[in-house]
Amino acid sequence: MSPAVLSVRPVHALLERSGSPSEPGLIPLTLSRLADQHRLSVLLQAAGLLSLLDRAGWRVPDWSAARVSPEGILKLPAAVPGRLPLPAQEILRELLGRLFRWEGSAGLSGKGPARKAVRRLVDRWFQSLAPATADEAVAQILDEAPFLWEPAFAAARTALAGELEG
């Protein structure tokens, strides 16, 4: 790891601070009772965070530890130095599986704008020739799910902002 990478630290509201107790009221993604549109807003938050982490050269060590508030705000363990172990689209595709409780090969059934958007995103991200970057994933999510521009999802869009410290 180069000294330049270690001198920059990502600061983001979705990341728990190292050594801090977990926030009360957070539940694992697989137990959440979020509406489909809110589940996609969680995916948008994750894509925004991945973009910041990629720029900083940091990663979340355990995405399976992701939790969510009843309002649909994502919370992840503290980030550590190191490159992402998988392309952003693979991390997001796995996250989609947990959010929508489905196995990628089985497909996703159901109606509604969120389910339709998920199917289109999976089609884009499954076996693509060139992996989508986190920035591209953010744009693709917003393109496929225009309802995320509605006021109800302002908190998810706010979570796209983060900073690099150092």
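Worth saying up front: this structure is predicted, and the values here are computed from it rather than measured. What you see below is based on every heavy atom in this structure, not just the backbone, and it leaves out hydrogens, waters and symmetry mates.
- Partners of P85 under the side chain to side chain contact (heavy atoms under 4.5 Å, CB included) rule, at least two apart in sequence or in another chain, are R59.
- Qualifying ring pair (Phe, Tyr, Trp, His ring centres under 6.0 Å) partners for H12, counting only residues two or more places apart in sequence or in other chains: none.
- When side chains are defined from C-beta on, L121 counts as touching L43, because their heavy atoms get closer than 4.5 Å.
- Judged as a ring-ring contact (aromatic ring centres under 6.0 Å, His included), the pairs with a partner in residues 34-53 (not counting sequence neighbours) are, in order, H38-F153.
- Taking each heavy atom of A79 and W58 in turn, the nearest pair found is O-CZ3, 3.3 Å.
- A search for side chain to side chain contact (heavy atoms under 4.5 Å, CB included) contacts involving S64 returns D62, not counting sequence neighbours.
- Separation of atoms CG (L40) and CG (L148) is listed at 6.0 Å; rounding is to 0.5 Å.
- V11 and L74 are members of different hydrophobic clusters when ILVMFWY side chains are connected at heavy-atom separations under 4.5 Å.
- Between the CD atom in E90 and the CG atom in L95 there is a gap of 13.5 Å [rounded to 0.5 Å].
- For the atom pair CG of L49 and CG of L15, the computed distance is 5.0 Å after rounding to the nearest 0.5 Å.
- The CG atom of L29 sits 5.0 Å away from atom CG of L99, with the distance rounded to the nearest 0.5 Å.
- A donor-acceptor pair is defined here as one N or O able to donate and one able to accept, closer than 3.5 Å; such a pair exists between the side chain of R157 and the backbone of E150.
- Residue pairs satisfying the salt bridge (Lys or Arg N to Asp or Glu O under 4.0 Å) criterion with at least one member in residues 41-54, sequence neighbours excluded, are listed as follows: D54-R83.
- With R39 contributing its side chain and L34 its backbone, the two residues share a donor-acceptor pair below 3.5 Å.
- Scored by the salt bridge (charged side-chain N to carboxylate O under 4.0 Å, His left out) test, E165 finds R9 as partners (sequence neighbours excluded).
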Run the numbers on V118 and L96 for side chain to side chain contact (heavy atoms under 4.5 Å, CB included), then give the verdict. CA-CA 8 Å; V118 168; L96 267 177; 4.0 Å; yes

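- Comment: R124 engages D143 in a salt bridge, judged by a side-chain N to carboxylate O separation of less than 4.0 angstrom.
- The backbone N or O of A66 sits nowhere less than 3.5 Å from a side-chain atom of R98 that would complete a donor-acceptor pair.
- Scanning for side chain to side chain contact (heavy atoms under 4.5 Å, CB included) contacts around L164 gives V8, P10, L52, R55, A56, with sequence neighbours left out.
- Across E136 and P131, no two heavy atoms sit closer than the pair OE1-O, 4.0 Å.
- Sorted by first then second residue, the side chain to side chain donor-acceptor pair (under 3.5 Å) pairs that include residues 72-82, not counting sequence neighbours, are E23-K75.
- In this structure E144 satisfies the side-chain hydrogen bond (donor to acceptor under 3.5 Å, both in side chains) test together with R120, sequence neighbours excluded.
- By the side chain to side chain contact (heavy atoms under 4.5 Å, CB included) test, A134 pairs with L50, S51, A88, sequence neighbours left out.
- Donor-acceptor pairing under 3.5 Å is recorded for the side chains of W125 and Q140.
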Determine, step by step, whether I73 and L26 satisfy the side chain to side chain contact (heavy atoms under 4.5 Å, CB included) criterion, reporting the C-alpha distance in whole Å, the side-chain angles of both residues, the deciding distance to 0.1 Å, and the verdict. CA-CA 9 Å; I73 302 301; L26 297 175; over 6 Å; no

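- The side chain to side chain donor-acceptor pair (under 3.5 Å) contacts involving residues 25-35 comprise nothing, where partners must be two or more places apart or lie in separate chains.
- When the side-chain hydrogen bond (donor to acceptor under 3.5 Å, both in side chains) test is applied to E94, no partner is found at least two apart in sequence or on another chain.
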